[in-house]
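Lettering of chains follows the sequences in order, A, B, ..., and the numbering in each one begins at 1.
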Amino acid sequence: MPELPEVEVVRAGLQRHVLGRTIAGVDVLHPRPVRRDARGSTGFVAALVGQRIDAVRRRGKYFWLALGSGDALLGHLGMSGQMLLKDPGSEDERHLRVRFALEAAAVDGPVEMRFVDQRMFGGLLVSTGGAELPSEIAHIARDPIDPEFDDDLFVSRARRRTSGIKRLLLDQTLISGVGNIYADEALWRSRLHGERPGDRLTGPQLRALLGHVRDVMGAALEQGGTSFDALYVNVNGESGYFDRSLDAYGQEGRPCGRCSTPIRRVAFMNRSSFFCPRCQRPPRR
DNA sequence: AGATCTTCCTGTTGGC
DNA sequence: TGCCAACAGGAAGATC
């Protein structure tokens, strides 16, 4: 389930391997991932072929390739999407959705960039709304590792909202890049219950929470960053972080790392929340 | 506008 | 063995 750290690993991997290359051909094998492109599969392909990749950028969980034309190839991995780099002619993945043939670079030969997505919550589109920040994601807030992220603005906006703090962390117009896993981890570290309303939290509590969001993401980024370099094809949204370092997410029944109380799981927005019922006391109703 | 809920997808798992 | 419900969940869109 790619969140900001996983997408950043993908962005860095793409920057290293596809920057400066030209797109020689595009093959859309399933229409679903291109559903948000205003001009459909045909227009999608036409806007990409012959374009040089000038930059690889990211905001929150979105990434994009800035093209020579001024357009951008904008992507989101959803929950199962991958961007893989493979030698041309390698066997197709079972859930291969879009194939991009990239021309040879100075030192390397041609390569295929492949969008693979089992569940197809992810998607790709060509944005004509600017390569600096595609218009389709103008509503997405800056993410917490963006140097221009405004802590004061986040705190003041969150303190005017009545929703629970976990909902606010997942609201990509307030802060981007945080998903279910890192929300639960940051709340556990902050000893905050996700249902605590934003307008009942103090500035210092919210600032500390931001610090924990950055810490947990930073730790994941370190591990993902190292695993990527070792394996050329691992431009895929797996950071390897899930196995060891989680204190709350997916830990139902396991003892809390601070107080040994069993971690609990509750239903939340068609998914799950994990928390320590002792360290993270629910608000009075 | 803010809060909340539904919907889109497929593969795996577990209960009966 | 087979069937079906539950589950994984980001974010757009609808509703109030």
Side-chain angles (χ1 to χ4, degrees), chain A residues 1-8 10 28-38 58-64 74-83 92-98 115-125 127 129 134-144 153-154 156-187 194-201 213 217 220 236-239 241-243 246 248-253 264-274 283 285:
Chain A
M1 289 131 294
E3 301 183 24
L4 185 154
E6 292 74 30
V7 181
E8 173 56 22
V10 169
V28 177
L29 298 148
H30 196 298
R32 173 90 194 153
V34 183
R35 65 192 177 281
R36 286 187 62 200
D37 193 290
R58 182 189 57 74
R59 173 175 283 204
K61 302 170 202 170
Y62 284 93
F63 62 92
W64 64 97
L74 177 65
H76 195 294
L77 300 175
M79 63 182 291
S80 57
Q82 300 174 287
M83 287 293 263
D92 286 2
E93 292 76 11
R94 170 133 85 125
H95 303 293
L96 176 61
R97 308 306 186 188
V98 185
F115 183 70
V116 176
D117 190 7
Q118 178 203 108
R119 284 172 235 185
M120 293 190 291
F121 272 43
L124 300 170
L125 64 84
S127 174
S135 56
E136 288 83 356
I137 58 168
H139 64 290
I140 301 292
R142 290 186 187 276
D143 58 63
L153 180 64
F154 171 79
S156 67
R157 291 182 70 192
R159 292 198 67 203
R160 279 185 260 124
R161 301 278 293 267
T162 60
S163 296
I165 184 59
K166 182 166 177 183
R167 273 181 190 277
L168 301 181
L169 283 177
L170 297 178
D171 182 342
Q172 305 296 303
T173 68
L174 270 183
I175 179 173
S176 67
V178 183
N180 204 35
I181 295 169
Y182 294 108
D184 278 1
E185 291 301 303
L187 289 168
E195 289 171 20
R196 295 276 296 275
D199 63 3
R200 303 288 293 275
L201 294 172
V213 168
M217 284 184 167
N236 65 6
E238 298 278 346
S239 74
Y241 187 65
F242 303 104
D243 306 338
L246 296 177
Y249 181 83
Q251 306 301 305
E252 183 180 20
R264 284 197 52 198
R265 177 172 81 96
V266 296
F268 170 79
M269 289 171 75
N270 283 336
R271 61 206 70 176
S272 297
S273 284
F274 299 88
R285 300 185 57 76

Quiz item: Nearest to the side chain of A/Arg161, which nucleotide is it out of B/dT10, C/dA8, B/dA3?
Solution: B/dA3

Quiz item: Of all the nucleotides listed (C/dA12, B/dA3, C/dC7), which has the minimum atom distance to the side chain of A/Ser163?
Solution: B/dA3

Self-check item: Interatomic distance, A/Ile165 atom CD1 to A/Arg200 atom CZ [nearest 0.5 angstrom]
Solution: 13.5 Å

Practice problem: To the nearest Å, give me how far apart NZ (A/Lys166) and P (B/dT4) are. | Solution: 15 Å

Practice problem: Using the side-chain contact (heavy atoms from CB on, under 4.5 Å) rule, take A/Tyr182 and A/Leu169 through it: C-alpha gap first, then chi angles, then the decisive distance, then the call. | Solution: CA-CA 9 Å; A/Tyr182 294 108; A/Leu169 283 177; over 6 Å; no

Self-check item: Separation of atom CZ in A/Phe121 from atom P in B/dT6, rounded to whole Å
Solution: 15 Å

Quiz item: Are any of A/Arg271's side-chain N or O atoms less than 4.0 Å away from OP1 or OP2 of C/dG10?
Solution: yes

Practice problem: Name all residues meeting the ring pair (Phe, Tyr, Trp, His ring centres under 6.0 Å) criterion together with A/Phe154; count only those two or more places apart in sequence or in a different chain, and write none if there are none. | Solution: none

Quiz item: A/Ser272 or A/Val178: which one's nearest nucleotide on DNA chain C is closer to the 5' end?
Solution: A/Ser272

Quiz item: Could you state the CG-C1' distance from A/Leu168 to B/dT4, rounded to the nearest angstrom?
Solution: 13 Å

Practice problem: Write down the distance between CD1 (A/Ile181) and P (C/dA8), rounded to a whole number of angstrom. | Solution: 11 Å

Quiz item: Is the closest basic N to carboxylate O distance between A/Lys166 and A/Asp184 below 4.0 Å?
Solution: yes

Self-check item: Out of C/dA12, C/dG10, C/dA8, whichever nucleotide has its closest atom nearest the side chain of A/Arg36
Solution: C/dA12

Exercise. Take atom CG of A/Asp199 and atom C1' of B/dA3, then tell me their distance rounded to the nearest Å.
Key: 13 Å

Self-check item: OP1 or OP2 of B/dG11 under 4.0 Å from side-chain N/O of A/Ser80
Solution: no

Quiz item: Minimum heavy-atom separation for A/Trp64 to A/Arg59, with atom names?
Solution: CZ3-N, 3.5 Å

Exercise. On DNA chain B, check which nucleotide each of A/His95 and A/Met269 is closest to and give me the residue with the more 5' one.
Key: A/Met269

Quiz item: What is the distance, rounded to the nearest whole Å, between atom CG of A/Asp171 and atom C1' of C/dA12?
Solution: 13 Å

Quiz prompt | Nearest listed nucleotide, side chain of A/Asn270, among B/dA3, C/dG10, B/dT6 | solution = B/dT6

Quiz item: So, is A/Gln172 near the phosphate of C/dA11, with a side-chain N or O under 4.0 Å from OP1 or OP2?
Solution: yes

Quiz item: Separation of A/His139 atom NE2 from C/dA12 atom C1', in whole Å?
Solution: 8 Å

Practice problem: Indicate whether OP1 or OP2 belonging to C/dA11 is found under 4.0 Å from a side-chain N or O atom of A/His76. | Solution: yes

Quiz prompt | Quiz item: A/Arg167 side-chain donor-acceptor pair to B/dA3 base, under 3.5 Å | solution = no

Quiz item: Between C/dA8, C/dG10, B/dG11, which one does the side chain of A/Met79 approach most closely?
Solution: C/dA8

Quiz item: Looking at the side chain of A/Arg265, which of C/dA11, B/dT10, C/dC7 is the nearest nucleotide?
Solution: C/dC7

Exercise. Have a look at A/His30 and say if it touches a base, only the backbone sugar-phosphate, or nothing, with a 4.0 Å heavy-atom cut-off.
Key: nothing

Practice problem: Evaluate the criterion side-chain contact (heavy atoms from CB on, under 4.5 Å) for residue pair A/His95 and A/Val116; output intermediate values, then yes/no. | Solution: CA-CA 5 Å; A/His95 303 293; A/Val116 176; 4.1 Å; yes

Exercise. Return the value, rounded to whole Å, for the distance between atom CD of A/Glu136 and atom P of C/dG13.
Key: 11 Å

Quiz item: A/Tyr62 side chain: which of B/dA3, C/dA12, B/dT10 is closest?
Solution: C/dA12

Quiz item: Side-chain donor or acceptor of A/Arg119 under 3.5 Å from a matching atom on the base of B/dG11?
Solution: no

